[in-house]
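Read the structure below first, then the notes.
Since the structure is predicted, the reported quantities are computational estimates derived from the model, not experimental observations.
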Amino acid sequence: MGPTRSLRAAPLLHRSSDLLPKDVLHIDGMRTTNAARTLIDVGAVVPRTVLESALERALHEGLTTFDRLVRRFFQLARSGRPGIGPLRPLLVERDPRLAPAESDLETLLFRILREGGVPEPVRQFDVRVGDATYRLDVAYPTLKIFIEGDGFGTHSTRSSFETDRDRQNLLVIEGWLPLRFTWRVLCHNPRRVVAQVSRAHERRSRGLS
């Protein structure tokens, strides 16, 4: 046998000299930074797409709030701390009125629509149909268009698959137009997504006028 070597890479350590007590918490006895400070620090070492997904997850899970994150970011920015720049455009672009995305797929879908110049939709819109209330990932409520991402394997059981189809049928009966895109299409053909959403938006807008 050849020389043995560890298969586990050495961890990447990050040391901060400007941590405040409010930046720190303990998880199972281990001292670590809270979500807001972690997002600010991690932006210097991960791609923008990873940082945006982490931001949405942290907001959705209630690990921090948009106001708290913005406040701490600008406190550090004023102190001249380097390496925090990547988070700034995400905070500037993100409308704090928007509900946080529930998945990486939804985050990618919303980014494609935003960068494609499509009119801004609403996230996680609740619509009442009969006795049931359904939450739509991304929607244009006035035009009755909803957009959802179909992740492969999202429906782990036959029951959940059939429930989703029944939900869509009821929404269509009420006049809603569903547009669904897979992760593969979102990643490899975003122009197609933008074109289809733009066309649906234009046609429904003409119908209203």
Please say yes or no: joined through hydrophobic side-chain contacts below 4.5 Å, possibly via intermediate residues, are [X] and [Y] part of one cluster?
{"X": "Val172", "Y": "Leu170", "result": "no"}
{"X": "Leu143", "Y": "Val122", "result": "no"}
{"X": "Leu136", "Y": "Val197", "result": "no"}
{"X": "Val46", "Y": "Leu76", "result": "yes"}
{"X": "Val70", "Y": "Leu63", "result": "no"}

Exercise. Pairs in or reaching into residues 127-150: which pass ring-ring contact (aromatic ring centres under 6.0 Å, His included), with residues at least two apart or in two chains?
Worked result: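 Listed once each, the pairs are Tyr140-His201.
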Exercise. Considering residues at least two apart in sequence or located in another chain, which fulfil the side-chain contact (heavy atoms from CB on, under 4.5 Å) criterion with Ala54?
Worked result: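 side-chain contact (heavy atoms from CB on, under 4.5 Å) check on Ala54 returns Leu39.
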Problem set entry | Contacts of Arg48 that satisfy side-chain contact (heavy atoms from CB on, under 4.5 Å) - sequence neighbours left out |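 Counting only residues at least two positions away or on another chain, Arg48 forms a side-chain contact (heavy atoms from CB on, under 4.5 Å) with Pro89, Leu90, Glu93, Arg114.
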Within a strict 4.5 Å, meaning less than it, do heavy atoms of the [X] and [Y] side chains meet?
{"X": "Glu115", "Y": "Phe110", "result": "no"}
{"X": "Ile145", "Y": "Trp176", "result": "no"}
{"X": "Leu179", "Y": "Glu148", "result": "no"}
{"X": "Glu106", "Y": "Gln124", "result": "yes"}
{"X": "Leu25", "Y": "Thr32", "result": "yes"}

For the side chain of [X] and the backbone of [Y], is there at least one donor-acceptor N/O pair under 3.5 Å apart?
{"X": "Gln168", "Y": "Pro178", "value": "no"}
{"X": "Lys144", "Y": "Leu171", "value": "no"}
{"X": "Asn34", "Y": "Lys22", "value": "yes"}
{"X": "Arg192", "Y": "Ala195", "value": "no"}

For the atom pair [atom1] ([X]) and [atom2] ([Y]), what is the distance rounded to the nearest 0.5 Å?
{"X": "Ser198", "Y": "Arg203", "atom1": "OG", "atom2": "CZ", "value": "13.5 Å"}
{"X": "Leu109", "Y": "Arg180", "atom1": "CG", "atom2": "CZ", "value": "12.0 Å"}
{"X": "Ile112", "Y": "Arg191", "atom1": "CD1", "atom2": "CZ", "value": "12.0 Å"}
{"X": "Asp137", "Y": "Arg135", "atom1": "CG", "atom2": "CZ", "value": "9.5 Å"}
{"X": "Arg184", "Y": "Leu186", "atom1": "CZ", "atom2": "CG", "value": "12.0 Å"}
{"X": "Phe74", "Y": "Leu69", "atom1": "CZ", "atom2": "CG", "value": "10.0 Å"}

For this session: Take Phe73 and Arg68 through the side-chain contact (heavy atoms from CB on, under 4.5 Å) test and state the conclusion after the steps.
Result: CA-CA 9 Å; Phe73 174 87; Arg68 186 181 306 139; over 6 Å; no
Exercise. Could you walk me through whether Arg123 and Glu56 pass the salt bridge (charged side-chain N to carboxylate O under 4.0 Å, His left out) check?
Worked result: CA-CA 12 Å; Arg123 276 184 182 160; Glu56 294 294 341; 3.4 Å; yes
What closest approach, in Å, do [X] and [Y] show between heavy atoms, and which atom pair accounts for it?
{"X": "Gly116", "Y": "Val194", "value": "O-CG1, 3.8 Å"}
{"X": "Arg128", "Y": "Gly130", "value": "NE-O, 3.3 Å"}
{"X": "Pro86", "Y": "Gly43", "value": "CG-O, 3.2 Å"}
{"X": "Leu108", "Y": "Cys187", "value": "CD2-SG, 3.8 Å"}

Exercise. Side chains of Gln196 and Arg199: do they bring a donor and an acceptor to under 3.5 Å?
Worked result: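 No, because no side-chain N or O of Gln196 sits under 3.5 Å from a partner of the opposite role on Arg199.
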Problem set entry | Distance-only polar pair, side chains of Thr38 and Thr33, donor-acceptor under 3.5 Å |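 Thr38 vs Thr33: donor-acceptor pair found between side chains.
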Exercise. Got a salt bridge between Asp67 and Arg72, using NZ or NE/NH1/NH2 to carboxylate O under 4.0 Å?
Worked result: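 A salt bridge is absent here (no side-chain N lies under 4.0 Å from a carboxylate O).
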For this session: Check the pair Leu113, Ile147 against side-chain contact (heavy atoms from CB on, under 4.5 Å), reporting the backbone distance first and the verdict last.
Result: CA-CA 11 Å; Leu113 297 180; Ile147 310 166; 4.0 Å; yes
For this session: Decide side-chain contact (heavy atoms from CB on, under 4.5 Å) for Ile84 and Arg88; before the verdict, give the C-alpha distance in whole Å, the side-chain angles of both, and the deciding distance to 0.1 Å.
Result: CA-CA 7 Å; Ile84 65 173; Arg88 181 187 294 270; 5.9 Å; no
For this session: Step by step, work out the side-chain contact (heavy atoms from CB on, under 4.5 Å) result for Val127 and Thr133.
Result: CA-CA 6 Å; Val127 57; Thr133 299; over 6 Å; no
